[in-house]
Asks: 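Structure below; questions to follow.
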Amino acid sequence: MNSHTISLYAAAIRHAILDHEADIECLDREIGDGDHYINMKRGCEVIAGMTDELTTLSASDALNKIGMKLLSTIGGASGPLFASFFMSMSKTLKGSETLNTLQMALAFEAGVQAIMQRGKAQAGEKTMLDVLIPVANTFKQMAEQDKSGQEIATALKQVASTGLESTRNMLATKGRASGLGERAIGHLDAGAKSCEVMIHAVCDAVLIS
Ligand code: ADP
Ligand code: MG
């Protein structure tokens, strides 16, 4: 992975988020305040506008730029969380030139840990972390076992979908939905949905490459 691949993944993510407008919007309307799609779209558009600049940077610097930009453009709870993810990935990859699969898996894990710290949340609280934590764990395990990019991408798509589905019957203990108690049961979490969509987009880009 380098900053060129990062821009390609960002373009794939933008397409996928725009394609899932209805689902994402509807989920945050049901148990949030309905702005999650707008927040995600704003983040995707601003990163798309940075493509030329990003490709001149190292992967680490590109990820840091993305994080800083997201911090100032995505609102809501999710903005600072995604910003922490990218800034922490950047820190982990500082000084590495071309990145291998294990380095990417470790950086992804560090990004997810940064979200946990920033949001003071764990698995099982009906948030994006119910997708991101199992994906990070499987990614690291498979990278350590030297599995191919194709095998990893196929497995991570499945893990992301299972993680998303697991939010359906959870009580929300973080974020806006936490005030709803039992009423949140039966609904998927919007942030978990957008993370599933983004992970599928990146994995599909790996699978066709
Ligand atoms: P807001 O909740 O401020 O309206 P968004 O709608 O953009 O912001 O994002 C909501 C999503 O953010 C939720 O669906 C959930 O996945 C995620 N989220 C909220 N709070 C936390 C937290 N403390 N830790 C992890 N994720 C969280
Ligand atoms: Mg919202």
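In this text, all values refer to a predicted model and were calculated from it rather than measured experimentally. Remember, it's 1-based here, ligands and their atoms both numbered in the order they're listed. Below, each value reflects all heavy atoms present in this structure, side chains not excepted, and no hydrogens, waters or symmetry copies.
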Asks: Please state which part of Ile74 comes within less than 4.0 Å of ligand 1, counting heavy atoms only: side chain, backbone, both or neither.
Replies: neither

Asks: Is any side-chain heavy atom of Ile31 less than 4.5 Å from a side-chain heavy atom of Lys126?
Replies: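 They are in side-chain contact.
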
Asks: Numbering the atoms of ligand 1 from 1, which are under 4.0 Å from a heavy atom of Asp28?
Replies: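 Those of ligand 1 that fall under 4.0 Å from Asp28 are 6 (O).
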
Asks: Decide, yes or no, whether a salt bridge links Arg42 with Glu45 under the criterion of side-chain N to carboxylate O below 4.0 Å.
Replies: no

Asks: How far is atom 9 (O) of ligand 1 from its nearest protein heavy atom, and which residue and atom name does that atom have?
Replies: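 Going atom by atom, the protein heavy atom closest to atom 9 (O) of ligand 1 ends up being His36 ND1, 3.2 Å.
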
Asks: Heavy-atom contacts with Gly76 under 4.0 Å: which atoms of ligand 1 show up? List them by number with element.
Replies: 3 (O), 8 (O)

Asks: List the closest protein heavy-atom neighbour of atom 6 (O) of ligand 1: residue, atom name, distance to the nearest 0.1 Å.
Replies: Asp35 OD1, 3.0 Å

Asks: Is there a donor-acceptor contact under 3.5 Å from the side chain of Ser90 to the main chain of Phe86?
Replies: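 Not confirmed, Ser90 side chain does not pair with Phe86 backbone.
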
Asks: For residues Thr162 and Gln158, determine if any side-chain heavy atom of one lies less than 4.5 Å from a side-chain heavy atom of the other.
Replies: yes

Asks: Heavy atom under 4.0 Å from ligand 1: found in Ala121's side chain, backbone, both, or neither?
Replies: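 The answer is the side chain of Ala121.
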
Asks: Around atom CD of Gln122, are there more than 12 heavy atoms of other residues, nucleotides or ligands at under 6.0 Å?
Replies: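 No, the 6.0 Å shell around CD holds no more than 12 heavy atoms from other groups.
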
Asks: Are there any protein N/O/S atoms under 2.8 Å from the Mg ion (ligand 2), and if so, which?
Replies: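 Per the 2.8 Å query on the Mg ion (ligand 2), atoms found are Asp28 OD2, Asp33 OD1, Asp35 OD1.
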
Asks: What atoms of ligand 1 come within less than 4.0 Å of a heavy atom belonging to Gly175?
Replies: 19 (C), 20 (N)

Asks: Charged N to carboxylate O under 4.0 angstrom, Arg176 versus Asp33?
Replies: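 Salt bridge present between Arg176 and Asp33.
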
Asks: Around atom 3 (O) of ligand 1, find the nearest protein heavy atom and jot down its residue, atom name and distance.
Replies: Ala77 N, 2.7 Å

Asks: Using a strict 4.0 Å cut-off to heavy atoms of Asn39, name the atoms of ligand 1 that fall inside it.
Replies: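 This gives 5 (P), 7 (O) as the contact atoms.
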
Asks: On a heavy-atom basis, I'd like to know which of Ala192, Ser78, Gly79 is closest to atom 7 (O) of ligand 1.
Replies: Ser78

Asks: For Glu182, is the CD atom crowded, meaning more than 12 foreign heavy atoms sit under 6.0 Å from it?
Replies: no

Asks: Would you confirm whether Ser84, through its side chain, and Ala114, through its main-chain N or O, come within 3.5 Å as a donor-acceptor pair?
Replies: no

Asks: Considering heavy atoms of the protein only, find what lies nearest to atom 1 (P) of ligand 1 and give residue, atom and distance to 0.1 Å.
Replies: Arg176 NE, 3.3 Å

Asks: Does Gly124 offer a backbone N or O that forms a donor-acceptor pair with the side chain of Asp130 under 3.5 Å?
Replies: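 Yes.
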
Asks: Give a yes or no on whether Lys41 atom NZ has more than 12 heavy-atom contacts from other residues, nucleotides or ligands under 6.0 Å away.
Replies: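 No, the 6.0 Å shell around NZ holds no more than 12 heavy atoms from other groups.
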
Asks: Do Lys94 and Asp61 meet the salt-bridge criterion of a basic N to acidic O distance under 4.0 Å?
Replies: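 So Asp61 pairs with Lys94 through a salt bridge.
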
Asks: Give the table of side-chain donor-acceptor pairs shorter than 3.5 Å for residues 196-209, with sequence neighbours excluded, one pair per line with atom names and distance.
Replies:
{"residue": "Glu196", "atom": "OE1", "partner": "Lys193", "partner atom": "NZ", "Å": "3.2"}
{"residue": "Glu196", "atom": "OE2", "partner": "Ser161", "partner atom": "OG", "Å": "2.9"}
{"residue": "His200", "atom": "NE2", "partner": "Lys157", "partner atom": "O", "Å": "3.0"}
{"residue": "His200", "atom": "NE2", "partner": "Ser161", "partner atom": "OG", "Å": "3.0"}
{"residue": "Asp204", "atom": "OD1", "partner": "Lys157", "partner atom": "NZ", "Å": "2.6"}
{"residue": "Ser209", "atom": "OG", "partner": "Val206", "partner atom": "O", "Å": "2.7"}

Asks: Considering non-hydrogen atoms only, spot the tightest contact between Gln103 and Leu93 and give its length.
Replies: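 What the structure gives for the nearest pair is O-CD2, 3.8 Å.
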
Asks: Evaluate Gly191 for polar contact with ligand 1, using N/O atom pairs at a separation under 3.5 Å.
Replies: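 There is such a contact, yes.
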
Asks: Counting non-hydrogen protein atoms only, what is the nearest one to atom 12 (O) of ligand 1? Give residue, atom name and distance.
Replies: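 Answer, as residue, atom name and distance: Met128 CE, 3.9 Å.
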
Asks: Test of understanding: given a 4.0 Å heavy-atom threshold, classify the contact between Asp33 and ligand 1 as side chain, backbone, both, or neither.
Replies: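 For Asp33, only side-chain atoms sit under 4.0 Å from ligand 1.
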
Asks: Starting from atom 23 (N) of ligand 1, what is the nearest protein heavy atom, named by residue and atom, and what distance separates them?
Replies: Gly119 O, 2.9 Å

Asks: Looking only at protein heavy atoms, which one is nearest to atom 21 (C) of ligand 1, and what is the separation?
Replies: Leu81 CD1, 3.7 Å

Asks: Any idea which protein heavy atom is nearest atom 14 (O) of ligand 1, and the distance to it?
Replies: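 For this ligand atom, the closest protein heavy atom is Asp189 OD1, 2.6 Å.
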
Asks: Is it true that the side chains of Ser148 and Glu151 contain a donor and an acceptor less than 3.5 Å apart?
Replies: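 The criterion, which ignores hydrogens and geometry beyond distance, is satisfied for Glu151 and Ser148.
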
